[in-house]
Amino acid sequence: MIVRRRKNSPAGRHEQVPAHPDTTAATALTPGQTDTPGLLLEMRGITKTFNIGTDNELTVLPGCDFTVKNGEFVSVVGASGSGKSTLMNIIGLLDYPTSGSYFFGGIDILSMPGDKLAEYRNHHIGFVFQNFNLIGRMSAARNVEMPMMYAGVGRKERSQRAEELLDLVGMGERMKHNPNELSGGQKQRVAIARALANNPDLILADEPTGALDSVTGRLVMDIFHTLNTEEGKTIVLITHNPELAAETTRTVTMTDGRLDNGVMVP
């Protein structure tokens, strides 16, 4: 459960497409706006092809439409190889699609240059990974501070916020411990605190319970539910587990790179 004290990565070696991908097949939208207010995330006609023009050319996403409303808790469920990771990388601004349109918070993401994209990602998206991705030589508190440091937050402010966030996930007493001194569940709670560091609009969780036992996994899912219902956080959960997907407010099924129930009108 969440404890309160006071109130107040590039993914894989994917082939990168040019900075201005082909968007001719996408739904026409006014630059800087979405055509449906109330959406945090709107993807239309998203395709992803690797090794273009070679004998090994492979289309992983043949054309996806995906929308997420502000405050939703959505799961994308599918078997290994279904395209979930490729979609996640595009949602998380870690990779460009080959074609299509992507608006996040009303911003035309695909028109944004790479350096601005990285800055935007750091401020607006928090990541929680299956294998935690904590920096081993740093304490829990320093791990949580890292996104704030990249965002230019001052030392005193980021230290105070890291302490508050670790308290929030029940890790206040372990904030000075390095990852090798923590259990898997404790590491994941630190990772969730880190994901919240810059108060992002979206938490993107990739198999967040995959490396945990069932009891610890339950604790982590309870934290996500609390963040969604009490804090109003928008969460997209990527998973192969239909039981976890069933806990979310909407389940999107991915099969061979195609989404079922991917679009929800506000």
Side-chain angles (χ1 to χ4, degrees), residues 1-9 40 68 70-75 92 121-136 138-239 244 247-249:
M1 62 182 295
I2 287 186
V3 178
R4 297 180 182 277
R5 191 186 67 174
R6 51 179 174 258
K7 183 178 180 181
N8 284 334
S9 346
L40 173 63
V68 177
N70 284 297
E72 265 200 294
F73 189 176
V74 182
S75 57
R121 179 177 63 237
N122 186 43
H123 282 87
H124 295 277
I125 302 178
F127 295 88
V128 181
F129 297 101
Q130 176 176 345
N131 294 320
F132 323 124
N133 286 11
L134 300 177
I135 300 174
M138 290 185 176
S139 68
R142 290 291 303 282
N143 268 279
V144 176
E145 286 182 42
M146 285 299 291
M148 292 182 279
M149 185 181 73
Y150 290 126
V153 177
R155 179 179 297 179
K156 182 178 180 180
E157 182 180 350
R158 67 177 187 253
S159 176
Q160 179 179 349
R161 179 156 173 79
E163 183 178 346
E164 292 174 349
L165 289 171
L166 287 166
D167 277 350
L168 186 72
V169 298
M171 287 296 293
E173 295 182 357
R174 297 270 181 169
M175 66 178 61
K176 295 183 180 180
H177 291 243
N178 286 356
N180 64 358
E181 301 173 301
L182 303 175
S183 68
Q186 290 170 336
K187 291 177 186 177
Q188 196 60 296
R189 282 187 279 167
V190 172
I192 292 171
R194 180 187 58 190
L196 294 168
N198 288 326
N199 194 25
D201 299 308
L202 173 69
I203 298 175
L204 186 55
D206 180 23
E207 301 283 6
T209 65
L212 306 176
D213 61 76
S214 59
V215 174
T216 308
R218 177 70 269 154
L219 174 63
V220 167
M221 285 300 294
D222 287 345
I223 291 175
F224 283 131
H225 283 297
T226 302
L227 289 172
N228 176 245
T229 59
E230 296 186 11
E231 305 288 333
K233 287 297 180 183
T234 306
I235 303 172
V236 173
L237 171 71
I238 309 294
T239 182
L244 288 185
E247 294 189 26
T248 65
T249 54

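The chain is numbered in sequence order, starting from 1.
- No hydrogens or angles considered: a donor-acceptor pair under 3.5 Å links the side chains of H124 and D201.
- L166 contributes atom CG, which lies 11.5 Å from atom CD of E173 (distance to the nearest 0.5 angstrom).
- Among all heavy-atom pairs drawn from M148 and R158, the shortest one is CE-O, 3.3 Å.
- For the atom pair CG (N228) and CD1 (I223), the distance works out to 13.5 Å, reported to the nearest 0.5 Å.
- When every heavy atom of V128 is checked against every heavy atom of P208, the shortest pair comes out as CG1-CB, 4.1 Å.
- Proximity of a side-chain donor or acceptor of E145 to a complementary backbone N or O of A162 within less than 3.5 Å is not detected.
- In this structure, the side chains of M175 and V144 stay at 4.5 Å or more apart for every pair of heavy atoms.
- Side chain of S159 to backbone of R155: no donor-acceptor contact under 3.5 angstrom is found.
- Looking only at atom types and distance, the side chain of K187 has no donor-acceptor partner in the side chain of N133 under 3.5 Å away.
- The closest donor-acceptor contact from the side chain of T249 to the backbone of F73 lies under 3.5 Å.
- For the atom pair CZ of R189 and CZ of R174, the computed distance is 9.0 Å after rounding to the nearest 0.5 Å.
- Judged by distance alone, the side chain of T209 and the main-chain N or O of L212 form no donor-acceptor pair under 3.5 Å.
- The closest side-chain heavy-atom distance from M221 to L237 is below 4.5 Å.
- Here the shortest heavy-atom pairing between Q186 and E181 reads OE1-O, 4.4 Å.
- Using modelled atom types, one side-chain atom of D213 and one backbone atom of V215 make a donor-acceptor pair closer than 3.5 Å.
- T248 places none of its side-chain heavy atoms less than 4.5 Å from the side chain of V74.
- How far CE of M171 is from CG of L182: 4.5 Å, rounded to the nearest 0.5 Å.
- Between the side chain of N143 and the backbone N or O of R194 there is no donor-acceptor pair closer than 3.5 Å.
- For the atom pair F224 CZ and I192 CD1, the distance stands at 4.0 Å (nearest 0.5 Å).
- In this structure, CG on L165 lies 6.0 Å from CG on L196, to the nearest 0.5 angstrom.
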